[in-house]
Amino acid sequence: DLSYCQYFSEAKEAKEQDDLKPVPGYPEREQWTRQMDFIMSCVGFAVGLGNVWRFPYLCYKNGGGVFLIPYLIIGVVGGIPIFFLEIALGQFMKAGSINVWNIAPLFKGLGYASMVIVFFCNTYYIMVLAWAFYYFIKSFNATLPWSTCDNPWNTPSCIEIFHHEDCLNGTIGNTTYGNMTCEELADGRSPIIEFWENKVLNISQGLDYPGSINWELLLCLAAVWVMVYFCVWKGVKSTGKIVYFTATFPYVVLIILLVRGVTLPGAYDGIMYYIKPDWSKLGEAQVWIDAGTQIFFSYAIGLGALTALGSYNRFNNDCYKDAFMLALINSGTSFFAGFVVFAILGFMANEQGVDISQVAETGPGLAFIAYPKAVTLMPMPPVWAALFFFMLLVLGLDSQFVGVEGFVTGILDLFPGKYYMRYKREISVAICCLMCFIIDLSMVTQGGMYVFQLFDYYSASGMTLLWQAFWECIVVSWVYGADRFMDDIARMIGYRPFPWMKWCWSFITPCVCMGIFLFHLFNYKPLTYNNTYVYPWWGEVIGWCMALMSMLCIPVSVLYKLCRATGTFKERWEKLTKPQWGPHHLEYMAPDTDIKSLASLSASTEDNKVIIFESGM
């Protein structure tokens, strides 16, 4: 400690005499040009497709307006505390998803786990953007290709207008309608479904029949990856500008669609289906589980990208207020999008003469089946189709490129400044995009949808995110110390957050995460496609391997480090859980911090001398 004090004072004196010059090779970490860049990037990343196509359906399915009660409760006790923790941790450690865990080096496996999850997520999520881009291009036709049955990909079972209500009312009985009887009408297929399955996916019999590549879809995929690359290649300086458009434009489109939607017949019934409360649902465990899973999905927790975005903040940025504002924007967007979606679905149900439960969809079914059907029933269908799919593309694009940014940031943080190389970022981003693109080739084949579902169900599922969030809380609150981290936050923002955060990190949030995790585990069901195709056993093995690749990073890395260390277990634990501070901690913390808390920054090596002298500057 005395040597450290002497060393720091010498550096300070040298600085005052202007004897020290910055040492080349250790470039300062980038920062957002404006704080609004950070806000927009977080909005763009966290507000994504799940807010538009998953939350409204869950709200309708789980009791309408009643679903907001468990959703808000779990948001307060689970979502917001971890959302704040990840941003604050990145801002305090000035590092990406791996090096941020230098706060407790024994648990650096958390960083590797988040990198695995976000890599898988970047790999398969972009397929949704490729599909949206494909539909967007196909929208520029006088007649939408999914609105008719006279295309090469249509089958004899294709029916444009079903007239199920006439069959049910006995109007046409068993007589024919066109060339088909009521029995044949019951087995008919919509042109929208045939366009999706026969043209876009050209889907095969199963996972073990990959088939040929869809070259049109491959070109769309390549085009989207090129967009992502040029959004990320220059770092936060370019990303921070692009998100001003990608984060705000979807709101403009949602407002336009809402205004149009509420003027359509049947819109009121659709909205009432969405918000009508069913109080009996509150007693069902599944409702609370759905609320918790949606919170973790929509808040983008456990992926490491929020940590990377926070690391580019100023050290004294008030991330506490930012976290609450971003959580409010995220949840508010989900609720607002529900009115847009169900106004359209209400109109669709009214036009077809069926109950809204028959048209309510979630996930790709809403985006690529239900909504394309709805626009065919509107005046000027190509205009509304192009607007909707462009919104989907933009909505997912910022989530995608911020996810890539988080992954690249974590990789680059593994190489200190002395390994500086010109165009290092550009090359790293290119390699990342190329690797993901090569894996994506398996998803543009005829069996691609089965591969996509495998990634979606296992690699970045609710279970992996909940496992990650549980250990984040445990490490920060019980290994590093919740009170200690609250002091660090106070040093950054100038005041201590409400103690509720500390209680959540220490007790409530880990219990919520582990409870939902165990529920998912005990209620596990094998993966199916369209509730008909059951995946083969080896497909499930591949899926579980993807899930375990991230989940096992934490215990395996802990055991490996403990085994490699020397001394008694207590000595190993103390050594491996001692924080490794960075240069900026000397600059911001040394004047008013207990020296013992900085003991790990010894002045024993030449590299450390360089770092300390630079921080003296």
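Keep in mind it's a predicted model, so treat the numbers as computed, not measured. Because only heavy atoms are used, hydrogens play no part in the values below, and waters and symmetry mates are left out as well, while side chains stay in.
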Q. Taking W544 as the fixed residue, which of Y524, Y535, Y457 is the one that meets the ring pair (Phe, Tyr, Trp, His ring centres under 6.0 Å) rule?
A.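 It is Y524, the one option of Y524, Y535, Y457 that forms the ring pair (Phe, Tyr, Trp, His ring centres under 6.0 Å) with W544.
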
Any side-chain to backbone donor/acceptor pair from [X] onto [Y]? Under 3.5 Å, distance only.
X    : Y    : value
Y71  : Q294 : no
S311 : K94  : no
Q468 : L110 : yes
W32  : D37  : no

Q.
With side-chain hydrogen bond (donor to acceptor under 3.5 Å, both in side chains) as the test, pick out the partner of Q91 among D318, T307, N317, D488.
A.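 It is N317; the other options fail the test.
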
I need the minimum non-hydrogen distance between [X] and [Y], along with the two atoms involved.
X    : Y    : result
V100 : M93  : O-CG, 3.5 Å
M492 : C319 : CE-SG, 4.4 Å
S442 : T445 : O-OG1, 3.0 Å
V77  : V512 : CG2-CG2, 4.0 Å
E472 : G302 : OE2-CA, 3.9 Å
V118 : G403 : CG2-O, 3.7 Å

Less than 4.5 Å apart, side chain to side chain, heavy atoms only: is that true for [X] and [Y]?
X    : Y    : value
F401 : V429 : no
T464 : M546 : no
Y312 : F38  : no
F84  : W505 : yes
S97  : T409 : no
V228 : N122 : no
S298 : F55  : no
Y458 : I542 : no

Q.
Using side chain to side chain contact (heavy atoms under 4.5 Å, CB included), reason through I493 and K321 one step at a time and then give a plain yes or no.
A. CA-CA 10 Å; I493 66 177; K321 291 180 180 177; over 6 Å; no

Could you grab the distance from atom [atom1] of [X] to atom [atom2] of [Y], nearest 0.5 Å is fine?
X    : Y    : atom1 : atom2 : result
D413 : I98  : CG    : CD1   : 8.0 Å
C121 : D456 : SG    : CG    : 8.5 Å
R572 : K561 : CZ    : NZ    : 14.5 Å
Y112 : S114 : OH    : OG    : 10.5 Å
I427 : W233 : CD1   : CH2   : 12.0 Å
L306 : S41  : CG    : OG    : 11.0 Å

Looking at residues at least two apart in the chain, or sitting in another chain, which of them share a salt bridge (Lys or Arg N to Asp or Glu O under 4.0 Å) with [X]?
X    : answer
D487 : R496
E405 : R425
D322 : none
D290 : K61

Q) Is there a side chain to side chain contact (heavy atoms under 4.5 Å, CB included) between Y124 and L454 once you walk through the steps? A) CA-CA 10 Å; Y124 83 87; L454 207 58; over 6 Å; no

**Q.** Stepwise side chain to side chain contact (heavy atoms under 4.5 Å, CB included) check, I474 with W471
**A.** CA-CA 5 Å; I474 294 297; W471 283 107; 4.2 Å; yes

Q) Do the rings of F83 and Y299 sit parallel, tilted or perpendicular, given the 30° and 60° boundaries? A)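 Rings of F83 and Y299: perpendicular, as their planes differ by over 60°.
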
(Q) Please verify the inter-ring angle class for F92 with F485; under 30° counts as parallel, over 60° as perpendicular, anything in between as tilted. (A)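 Perpendicular.
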
Donor-acceptor contacts under 3.5 Å from residues 497-504 side chains, at least two apart:
{"unit_1": "K502", "atom_1": "NZ", "unit_2": "D483", "atom_2": "OD1", "d": "2.9"}

Q) Counting only heavy atoms not in W537, do more than 12 sit closer than 6.0 Å to its CH2 atom? A)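 12 or below, so no.
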
(Q) Go through it in stages, so that I can follow the logic: the residues are T293 and R54, the test is side chain to side chain contact (heavy atoms under 4.5 Å, CB included), and I'd like the CA-CA distance, side-chain angles, deciding distance and then a yes or no. (A) CA-CA 11 Å; T293 307; R54 194 166 187 268; 4.0 Å; yes

Q. What residues, two or more places apart in sequence or in another chain, satisfy side-chain hydrogen bond (donor to acceptor under 3.5 Å, both in side chains) together with S334?
A.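 Counting only residues at least two positions away or on another chain, S334 forms a side-chain hydrogen bond (donor to acceptor under 3.5 Å, both in side chains) with N51.
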
